[in-house]
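Since the structure is predicted, the reported quantities are computational estimates derived from the model, not experimental observations. The basis for the numbers below is simple: all heavy atoms, side chains too, and nothing from hydrogens, waters or symmetry mates.
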Amino acid sequence: MSGLTRPEDWSEACAAFAQWPYGRAERFFERHFEALQIGDGRAFATGYFEPEIAGSRTRLPGYDFPVYALPSDLVRAQAGDAPPLRDGRMPLGRYDAAGRFLPYYDRTEIDNGALANRGLELAWVRDPVEFFFLQVQGSGRIRLPDGAVMRIGYAGQNGHAYTGIGALMRERGLIGEGAGQYPGSMQGIIQYIRENPEDGRALMRENRSWVFFRELTGDGPIGALGVPVRAESSVAADPKFVPLGAPVWLSLDRPEANGLWIAQDTGGAIKGVNRFDTFWGAGEDARRLAGTMSGRGRAYVLVPKGTLNRLRSQ
């Protein structure tokens, strides 16, 4: 955790908010918060959204790609069975029949059926490319054959590091404006995969990370704080640097992302100082904005008044 604030630092602002007049938000933040720049303050923000893809609760013709629930054999190693991670936690993996701790199945192994016939299928979807990007987003909607919607959210991950396939394409000269190159947006990456299905499938498998899901009820995808995230209000951040729940002010070269956001979520690719992922909701406009969002500028974290003096005294 960031260590910037303590739970008790927020008590005064939270108590005041319960009685604060509607429509006077600016005065509320002026009175109870102060701006803190982390590091050099230079920010990079991308976007995410809640995708909707076609699927079915049961396997039907044309619905061939499983959405898996969290497996019971995905566990953290016991002390002494594997080296700890850099943050001190034990790695995720599985124990085999002989009691040996092994890495968990990666994307290729799961694609090839490593988890088949274990009753883990929450649903089946039509399009593996759309599902890949739903996994990147971490939550989404499945439009069922009868028109109903099944909402799914992040339940866990297989322990393998996330690899951004856009970065791989850039390294290989596939991103750009020249002949044979593609835009660096989500839409451009999908275009490459569709136009090069074999190479595209191999590219997706280079991201060995696999996300498991649970069915959600309610009116929005659930963020890391356990509450629904809101379009154009919620942002994912790295909790090592930004306290979850803190307001964040972004001033970027993408004006649609400028303004006040609340750090309510995290993400496998959202790591480091002043790295943010803005949430845009659901639908085609959200997909377009999230897929093309790449903003640079400055970020300020708003913390309860008195925090800066306390930190300086330490």
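Other residues, nucleotides and ligands contribute over 12 non-hydrogen atoms within 6.0 Å of the CZ atom of R194. Within a 6.0 Å sphere centred on CD of E195, heavy atoms belonging to other residues, nucleotides or ligands number more than 12. For R254, the CZ atom counts as densely surrounded, since its 6.0 Å shell holds more than 12 non-hydrogen atoms of other residues, nucleotides or ligands. More than 12 heavy-atom neighbours from other residues, nucleotides or ligands sit within 6.0 angstrom of CD on E256. Annotation for R59: atom CZ counts as buried by contact number, over 12 foreign heavy atoms lying within 6.0 Å. Within 6.0 Å of CZ in R6 there are more than 12 heavy atoms belonging to other residues, nucleotides or ligands.
No side-chain N or O of Q157 forms a donor-acceptor pair with one of Y162 less than 3.5 Å apart. Looking at D277 and T46, their side chains do bring a donor and an acceptor atom within 3.5 Å of each other. Inspection of the R151 and S139 side chains reveals no N or O donor paired with an N or O acceptor under 3.5 Å. Side-chain contact check for W261 and T278: no donor-acceptor pair (N or O, by modelled atom type) lies under 3.5 Å.
A salt bridge links D73 to R118: one of the charged nitrogens lies within less than 4.0 Å of a carboxylate oxygen. In this structure, D40 pairs ionically with R42, as a charged nitrogen and a carboxylate oxygen lie closer than 4.0 Å. Looking at E34 and R310, no side-chain N of the basic residue comes within less than 4.0 Å of a carboxylate O on the acidic one, giving no salt bridge.
Tested against F132, the residues D127, I165, I193 include a single side chain to side chain contact (heavy atoms under 4.5 Å, CB included) partner, I165. The side chain to side chain contact (heavy atoms under 4.5 Å, CB included) with I142 is formed by just one residue from the set V67, L122, V149; it is V67.
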Tell me, with the steps shown, if R298 and Q37 meet side chain to side chain donor-acceptor pair (under 3.5 Å). CA-CA 9 Å; R298 305 200 68 79; Q37 177 180 291; 3.0 Å; yes
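The aromatic rings of F279 and Y48 sit tilted, their planes meeting at an angle between 30° and 60°. Between W210 and F131, the two ring planes are perpendicular [angle over 60°; tilted spans 30° to 60°].
Residues N158 and D106 approach most closely at ND2-CA, 3.7 Å, considering heavy atoms.
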